[in-house]
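These figures come from a predicted structure and were not determined experimentally.
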Amino acid sequence: LALGFMSTAVWADVTAQDVWNNFETLAGANGYHFSTAPKRVGQDVVFGDVSITFKDPTQGNALQLDFSSLRFQGNPDGTVSIVVPSQIPFSLDVPDYDAGKVRKLIGVHSLKGAEVVASGTPDAISFGYRAENMSMTTIDQDPAVTPNMDLRLDMGDLRGRMDTAPNGGQTLNAEAKSIEYVLTFKEPDNIVNMFTGGYSDVVMASTTTVPMGQVATRTSFEQGQAGSVMYSFGSGRSEIALGDADKRTKVESTSRSGELRMTSNKNETSFDLSSEGLDIRVEAAGLGFPVTFSGDKLKLAGAMPTLASREPQAFSLEIALEDVALGDQLWSMFDPTNALSHAPMRLMLNVDGTGVQGFDLTPSQEELPKSTDAGWLETLNINALGVSLLGAELTGNGRFVFDSTDTKTYDGFPKPEGKADLRLTGLNAALDSLIKAGLVQADQMMMPRMMLGMFTRPVGDDAFETDLQFGKNGDIRMNGQRLR
């Protein structure tokens, strides 16, 4: 169940029956079923004991929520309150196909200060909700099951709103001041694996043009199905503890903020995941000291076609790791004399291009075009490449086209044609620091320096440029030197 907040300016003209009709349709569209039918008590719609069940047709998971009562209660202002009990027991059956049995989880959903109010019109109802606290506990019904699971989730000051449209589309906005979780797996020999953590100022927003939970198909996307999801948090922390008391490994992390965005329509599916101010500390069994590292910003984003097509379609990928720094303890393992540059490391990659995609990204793929080919590249653009490590930096860009009719020249891969321009700075200084640190011998660096002279052009103090070319005849050249 979701709980949240209703806007202050509400225009309402709905009855309890209107809201129940909408609620029943919404639940049915998402695959939920009621064990009994409601009764009319005055203008209200009332359930006694009722179970709401859901079974995933693809995975076989089955959920059951047990309500001691459920009431749709009309208010004088034209809104309708949905009154739920403060304790909602539930069970979840998860098939274990390898073991040939079903794992049963049981738990309780607890609510404090919960309010759910419906408003709007019969064909476009909005559900506003809030709760001082929402918590959930889940355990394995059979204590002999291994690993035995125990999950506890707590959400504070939760509020939100869901708007429905006549076509079944929905918009959801929700906030939680805090989210805390503890997940424990107990195994034989006193092994306890524990995952704990929390987030502050959590915000979630989503939109869909069809009822949430409806299985996406190629046809539904071609007819206009689309959706988006945004999830963000202010600060986050987590701790992973693995093993028994004598051999325990711990991983602790904190972050300043994080965000995930996803969109999907008939043209493309995209995602953008980012985290800022990440600090990680690892205490490994037998290591003797903690290992720490940090990153100012981590980003992973991309886009690819949603549906298969025999025509080229666009794709993109972006990876960024900014100011990644290792802790002093880790540096001391292989650089006790501080001969190496300890400057933060950086990785940046931004590419896009076109290709033919032979598969759909939809969960239901029964309508795929008959093809055994996953697809192939048509063009690839390296818009930006950047790697900084040990004081040296590599940057570059490039443009390539691929001939999908020629897969013999490169042993099954479409033949590329194009050029990449690269620039190196600080490499000689980095090699000297490796020698000074005793990690390599001076004579071992003779061959890398010779290769640097052959395949690059000096353009300044410890700065070099080069180009890598793939010719139309299958030849490969670097700085004019033929490699193939």
Side-chain angles (χ1 to χ4, degrees), residues 274 293-302 314-326 331 334-335 338-354 377-402 410 413-437 439-440 442 444-484:
S274 64
F293 57 94
S294 62
D296 185 64
K297 184 175 183 180
L298 289 78
K299 180 181 177 70
L300 177 63
F315 70 89
S316 64
L317 175 67
E318 181 181 359
I319 301 173
L321 304 176
E322 297 182 9
D323 293 337
V324 178
L326 303 181
W331 277 116
F334 51 86
D335 185 29
N338 290 323
L340 304 177
S341 170
H342 295 189
M345 294 168 278
R346 180 175 68 95
L347 169 64
M348 178 183 63
L349 177 65
N350 185 309
V351 300
D352 61 34
T354 59
L377 276 173
E378 292 275 329
T379 64
L380 177 65
N381 304 315
I382 304 174
N383 302 313
L385 168 66
V387 180
S388 297
L389 179 65
L390 300 178
E393 183 177 47
L394 169 67
T395 58
N397 57 70
R399 299 286 184 271
F400 300 92
V401 296
F402 296 84
Y410 286 91
F413 192 79
K415 185 184 71 176
E417 182 180 350
K419 175 184 175 184
D421 295 305
L422 304 172
R423 180 181 176 89
L424 273 166
T425 59
L427 183 58
N428 276 318
L431 297 178
D432 290 339
S433 68
L434 290 171
I435 296 171
K436 186 177 179 181
L439 297 175
V440 296
Q444 294 177 306
M445 290 293 100
M446 291 181 61
M447 182 59 69
R449 293 187 197 275
M450 288 178 59
M451 300 291 286
L452 189 64
M454 290 178 58
F455 296 109
T456 66
R457 304 178 297 275
V459 292
D461 184 20
D462 202 5
F464 305 88
E465 289 183 351
T466 189
D467 54 73
L468 180 64
Q469 298 188 50
F470 290 79
K472 63 180 180 180
N473 297 319
D475 55 304
I476 303 176
R477 297 176 184 271
M478 190 168 190
N479 196 39
Q481 303 289 328
R482 185 161 185 157
L483 304 178
R484 170 190 167 118

Step by step, work out the side chain to side chain contact (heavy atoms under 4.5 Å, CB included) result for L452 and L431.
CA-CA 12 Å; L452 189 64; L431 297 178; 5.6 Å; no

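- In this structure, the side chain to side chain donor-acceptor pair (under 3.5 Å) partners of E393, at least two apart in sequence or on a different chain, are R346, S388.
- Applying the side chain to side chain donor-acceptor pair (under 3.5 Å) test to E322 and every residue at least two apart in sequence or in another chain returns nothing.
- Partners of S316 by side-chain contact (heavy atoms from CB on, under 4.5 Å), not counting sequence neighbours, listed by chain and number: A303, D352.
- Under the side-chain contact (heavy atoms from CB on, under 4.5 Å) criterion, A442 pairs with I435, sequence neighbours left out.
- Annotation for G426 and A392: closest pair O-CB, 3.7 Å, computed over non-hydrogen atoms.
- Scanning both residues, A430 and S433, for their nearest heavy atoms gives O-OG, 2.7 Å.
- Checking side-chain atoms of D335 against main-chain N and O of L340 turns up a donor-acceptor pair under 3.5 Å.
- Using a 4.5 Å heavy-atom cutoff, the side chains of T425 and R423 are in contact.
- Minimum heavy-atom separation, R399 to I382: NH1-O, 3.4 Å.
- When the side chain to side chain donor-acceptor pair (under 3.5 Å) test is applied to R484, no partner is found at least two apart in sequence or on another chain.
- Between the CG atom of L385 and the CG atom of L347 there is a distance of 8.0 Å, given to the nearest 0.5 Å.
- A ring-ring contact (aromatic ring centres under 6.0 Å, His included) check over residues 456-482, counting only residues at least two apart or in different chains, returns the pairs F400-F470.
- Residues forming a ring-ring contact (aromatic ring centres under 6.0 Å, His included) with Y410 (at least two apart in sequence, or on another chain): none.
- Surrounding NZ of K299 are more than 12 heavy atoms belonging to other residues, nucleotides or ligands, all under 6.0 Å away.
- Not counting sequence neighbours, A314 has no partner by the side-chain contact (heavy atoms from CB on, under 4.5 Å) test.
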List the atom pairs, with distances to 0.1 Å, where a side-chain N or O of residues 474-481 and a protein N or O form a donor-acceptor pair under 3.5 Å, not counting sequence neighbours.
residue, atom, partner, partner atom, Å
N479, OD1, R457, NH1, 2.6
N479, ND2, M454, O, 3.4
N479, ND2, T456, O, 3.3

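- Residues passing the salt bridge (charged side-chain N to carboxylate O under 4.0 Å, His left out) test with D462, sequence neighbours excluded: none.
- Listed by chain and number, the residues in a side-chain contact (heavy atoms from CB on, under 4.5 Å) with D421 are N397, K419, D467 (sequence neighbours excluded).
- For the pairing with E465, the side chain to side chain contact (heavy atoms under 4.5 Å, CB included) check across L422, L424, V459 returns one residue only, V459.
- With sequence neighbours excluded, the residues forming a side chain to side chain donor-acceptor pair (under 3.5 Å) with T379 are T354, listed by chain and number.
- Residues L434 and L390 are in side-chain contact: their nearest non-hydrogen atoms beyond the backbone lie under 4.5 Å apart.
- When side chains are defined from C-beta on, L326 counts as touching M345, because their heavy atoms get closer than 4.5 Å.
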